[in-house]
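Each remark here refers to the structure printed beneath this line.
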Amino acid sequence: MTPTLLNMGYACINLTLQARQITTNRGMIKKTFVQKGLAYASELALKNVQDLLAIVDWNIEHGFRLFRISSDLFPWASEYRIADLPDFTEIRATLEEIGRRPIRLTTHPGPFNQLAGQGSVLANTLKDLEYQSEMFDLMGLKPSHWNKINIHVGGTYGDKTATLARFAQNFSLLSANLRARLTVENDDRTSLYTVADLVPIYEAIGIPVVFDYFHHSLNPGYQTEEEAFLTAYATWDVRPVFHYSDSRQDREDSHARREAHADWLYSPVHTYGKEVDIVFESKMKELAVLRLRGEDPDLPPAIQKLMQQQNDELSTF
DNA sequence: TTGTGTCAAGCCCAC
DNA sequence: GTGGGCTTGACACAA
């Protein structure tokens with residue numbers, strides 16, 4: 001039986017459209033936020049959301065039915081409520097439009113989110129995660145793991161077991177919609193969490209485990225890839241979203257950090273007879289997936305230039 | 001327009 | 001002890 005890969009997606013940036021200044025990552029430094037305030041945050045957020053719609057439509061047109069939304073859609077989101085933005089009416093209308101599109105959307109909030117943290121660290125985490133969930137609410141998306149809000153457990157605070165227990169405890173502080181969307185992912189460092197380490201969280205609070213192939217290869221614990229894949233697969237109540245990328249060190253640059261992702265995709269993805277959706281985390285984004293699908297993408301001029309430079313460097317040896 | 005130093009958050013790790 | 005990296009470079013400002 002041929003393994004089935006249903007949806008293929010990529011993360012946060014579309015290089016083809018970025019070359020035309022279509023991006024969802026507009027932000028500002030603190031100083032500017034202090035000076036310009038909510039009005040400017042609103043202006044950037046509206047542009048980001050409008051461009052997200054353009055990217056989503058590009059995706060659908062090109063056969064991508066899975067996309068990870070950037071965590072930076074709303075600059076300084078922890079400092080205000082989305083509904084308080086001056087352009088809220090237009091922002092909401094655009095989000096609703098996005099929510100009606102036939103595509104699976106997910107998010108992956110940053111490493112500053114420490115649900116097992118305490119005090120202000122925990123308070124900031126709650127704010128950040130709730131805003132991501134509110135964004136999906138505004139899109140009109142039913143709360144479920146179909147639109148996952150995926151995080152890492154974070155630090156171990158010197159005691160994995162106690163930290164996992166605190167994670168599960170703090171989970172109860174989240175809104176019902178956020179609880180229905182949250183997932184956890186295995187880490188790439190041996191000091192952090194393997195798929196098997198995360199199973200107790202699933203058992204305690206029922207949240208699915210996202211299997212990251214590359215992280216597993218760097219931090220397998222005692223499980224083979226197939227075992228870890230199937231362990232994670234069994235925690236899902238909808239079709240899982242897993243993450244895949246190749247190693248830059250193995251494929252492109254022997255001096256690269258071992259955790260670095262490759263620009264392109266090289267290896268076949270094993271799905272062990274299961275149906276899963278895959279977010280490809282290659283630096284070349286949609287271009288890498290198009291190439292994997294056997295299509296020759298129209299490379300934006302900036303990318304062509306970059307590749308030419310790389311070829312020139314290689315040819316000097 | 002382009003080059004460059006700098007940038008919210010928490011944790012871990014290489015140096 | 002400091003800085004880089006993380007799911008993603010982009011901003012701000014000087015030249």
Side-chain angles (χ1 to χ4, degrees), chain A residues 9-15 17-19 21-36 40-41 43-44 47-48 51-52 55 66-80 105-129 131-132 148-160 163 166-167 183-193 210-215 218-219 241-245 248-249 255-261 263 278-286 288 302 305-306:
Chain A
Y10 59 97
C12 307
I13 292 171
N14 178 297
L15 293 172
L17 295 178
Q18 190 182 50
Q21 271 57 254
I22 294 172
T23 169
T24 64
N25 297 299
R26 296 174 187 85
M28 60 186 142
I29 63 171
K30 187 173 187 175
K31 184 179 163 189
T32 307
F33 182 56
V34 170
Q35 282 171 357
K36 299 190 174 178
Y40 190 52
E43 189 184 323
L44 294 181
K47 283 183 183 161
N48 283 341
D51 281 359
L52 176 60
I55 292 172
L66 171 65
F67 182 68
R68 179 191 299 165
I69 301 173
S70 159
S71 305
D72 294 333
L73 211 58
F74 291 85
W76 294 93
S78 56
E79 304 303 309
Y80 54 82
L105 299 171
T106 69
T107 69
H108 195 353
F112 308 109
N113 288 286
Q114 301 284 333
L115 190 53
Q118 291 167 309
S120 63
V121 173
L122 177 59
N124 291 338
T125 300
L126 298 179
K127 264 197 244 173
D128 196 28
L129 296 180
Y131 125 72
Q132 312 262 353
K148 75 179 164 63
I149 297 175
N150 177 52
I151 58 174
H152 292 264
V153 170
T156 60
Y157 301 90
D159 185 342
K160 266 191 200 177
T163 301
R166 210 162 51 244
F167 185 101
T183 60
V184 281
E185 177 180 342
N186 60 311
D187 289 292
D188 56 4
R189 279 174 284 174
T190 53
S191 59
L192 300 179
Y193 304 89
V210 171
F211 178 62
D212 185 305
Y213 288 83
F214 183 41
H215 291 173
L218 298 171
N219 178 28
V241 179
F242 289 168
H243 300 170
Y244 187 91
S245 59
R248 183 174 191 79
Q249 192 181 74
H255 299 296
R257 295 167 40 258
R258 65 184 216 112
E259 297 89 353
H261 297 226
D263 288 344
I278 303 279
V279 173
F280 289 96
E281 297 177 331
S282 309
K283 297 285 182 194
M284 286 297 165
K285 304 296 177 184
E286 85 284 3
K305 195 175 157 192
L306 192 72

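Residue numbering restarts at 1 for every chain, and letters A, B, ... go by the order of the sequence lines.
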Which is it for Asn219(A) and Thr190(A) under the side-chain hydrogen bond (donor to acceptor under 3.5 Å, both in side chains) test, yes or no, and what are the steps along the way? CA-CA 5 Å; Asn219(A) 178 28; Thr190(A) 53; 5.4 Å; no

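Considering only side-chain N and O atoms, Ser78(A) lies nowhere under 4.0 angstrom from the phosphate OP1 or OP2 of dA9(B). The phosphate of dT8(C) has neither OP1 nor OP2 within less than 4.0 Å of any side-chain N or O from Gln18(A).
Computed from coordinates, the Asp212(A) CG to dT7(C) P distance equals 8 Å when rounded to whole Å. Here dG10(B) presents its C1' atom at 10 Å from CG of Asn113(A), a figure rounded to the nearest Å. Atom pair Asp187(A):CG and dG10(B):C1' shows a separation of 13 Å (rounding to whole Å applied). Glu281(A) places its CD atom 11 Å from the P atom of dG9(C), with the value rounded to the nearest Å. Here dC12(B) presents its C1' atom at 12 Å from OH of Tyr193(A), a figure rounded to the nearest Å. Between Ile13(A) atom CD1 and dC6(C) atom C1' the separation is 14 Å, expressed in whole Å. A straight line from CG of Leu129(A) to P of dG10(B) spans 14 Å, rounded to a whole angstrom. In this structure, CG of Leu73(A) is placed 15 Å from C1' of dT7(C), rounded to the nearest angstrom.
Straight-line distance between the C1' atoms of dG4(C) and dG9(C): roughly 14 Å, to the nearest whole Å. Comparing dC11(C) with dG10(B), their P atoms sit 23 Å apart, to the nearest whole Å. The P atoms of dG3(C) and dT6(B) are separated by 11 Å, rounded to the nearest whole Å. If you take atom C1' in dC11(B) and the same atom in dA10(C), they sit 23 Å apart, rounded to whole Å. For the P atom pair drawn from dG5(B) and dT7(C), the interatomic distance equals 27 Å after rounding to whole Å. For the P atom pair drawn from dC7(B) and dT8(C), the interatomic distance equals 23 Å after rounding to whole Å. The C1' atoms of dA9(B) and dC6(C) are separated by 13 Å, rounded to the nearest whole Å.
Between dC13(B), dA9(B), dA12(C), one nucleotide has an atom nearer to the side chain of Met28(A) than all others, and that is dA12(C). Nearest nucleotide to the Lys31(A) side chain, out of dC13(C), dC11(B), dG10(B): dC13(C). Distances were taken from every side-chain heavy atom of Ile29(A) (C-beta onward) to each of dC7(B), dC11(B), dC12(B); the shortest belongs to dC7(B). When distances are taken from the side chain of His152(A) to each of dC12(B), dG10(B), dT7(C), the shortest belongs to dT7(C). The listed nucleotides are dT7(C), dC12(B), dA8(B); the one nearest the side chain of Asp188(A) is dT7(C). Distance from the side chain of His261(A) is smallest for dT7(C) among the nucleotides dT7(C), dA10(C), dC13(B). Listed candidates were dT7(C), dG10(B), dA8(B). Nearest to the side chain of Lys30(A) is dA8(B). The side chain of Pro111(A) sits closest to dC6(C) out of dC12(B), dC6(C), dA9(B). With distances taken from any side-chain atom of Lys285(A) to the nucleotides dT8(C), dC11(B), dC13(B), the minimum falls on dT8(C).
At a threshold of 4.0 angstrom between heavy atoms, the contacts of Ser120(A) with the nucleic acid are absent. Within the 4.0 angstrom heavy-atom criterion, only backbone atoms of the sugar-phosphate kind lie near Thr32(A); the bases stay farther away. Heavy atoms of Asp128(A) sit nowhere under 4.0 angstrom from any nucleic acid atom. Within 4.0 Å (heavy atoms only), Asn25(A) reaches at least one base atom of the nucleic acid. In this structure, Gln35(A) reaches neither bases nor backbone, as no heavy-atom distance under 4.0 Å exists between it and the strands shown. Heavy atoms of Phe33(A) sit nowhere under 4.0 angstrom from any nucleic acid atom. Among the heavy atoms of the strands lying under 4.0 Å from Gly110(A) is at least one base atom, whether or not backbone atoms are also near. At the heavy-atom level, His243(A) lies nowhere under 4.0 Å from the strands shown. Within the 4.0 angstrom heavy-atom criterion, only backbone atoms of the sugar-phosphate kind lie near Lys283(A); the bases stay farther away.
Under a 4.0 Å N-O distance rule, the pair Glu43(A)/Arg26(A) does not qualify as a salt bridge.
In this structure, Asp188(A) contributes its side chain and Leu218(A) its backbone to no donor-acceptor pair below 3.5 Å.
Using a 3.5 Å distance cut-off with no hydrogens or angles, the side chains of Asn25(A) and Ser70(A) do pair a donor with an acceptor. Side chain to side chain, Asp187(A) and His215(A) fail the donor-acceptor criterion of an N or O pair below 3.5 Å. Looking only at atom types and distance, the side chain of Ser78(A) has no donor-acceptor partner in the side chain of Asp128(A) under 3.5 Å away.
With a 3.5 Å ceiling on both atom-pair distances, the Watson-Crick or G-U wobble partner of dC11(B) is dG5(C).
With centroids closer than 5.5 Å and planes inclined by less than 30 degrees as the test, Phe112(A) and the base of dG10(B) fail to qualify as a stacked pair.
For Ala41(A) against Phe33(A), the heavy-atom pair with the smallest separation is CB-CE1, 4.1 Å.
No option in Tyr244(A), Phe214(A), Tyr213(A), Tyr10(A) other than Phe214(A) meets the ring-ring contact (aromatic ring centres under 6.0 Å, His included) test with His261(A).
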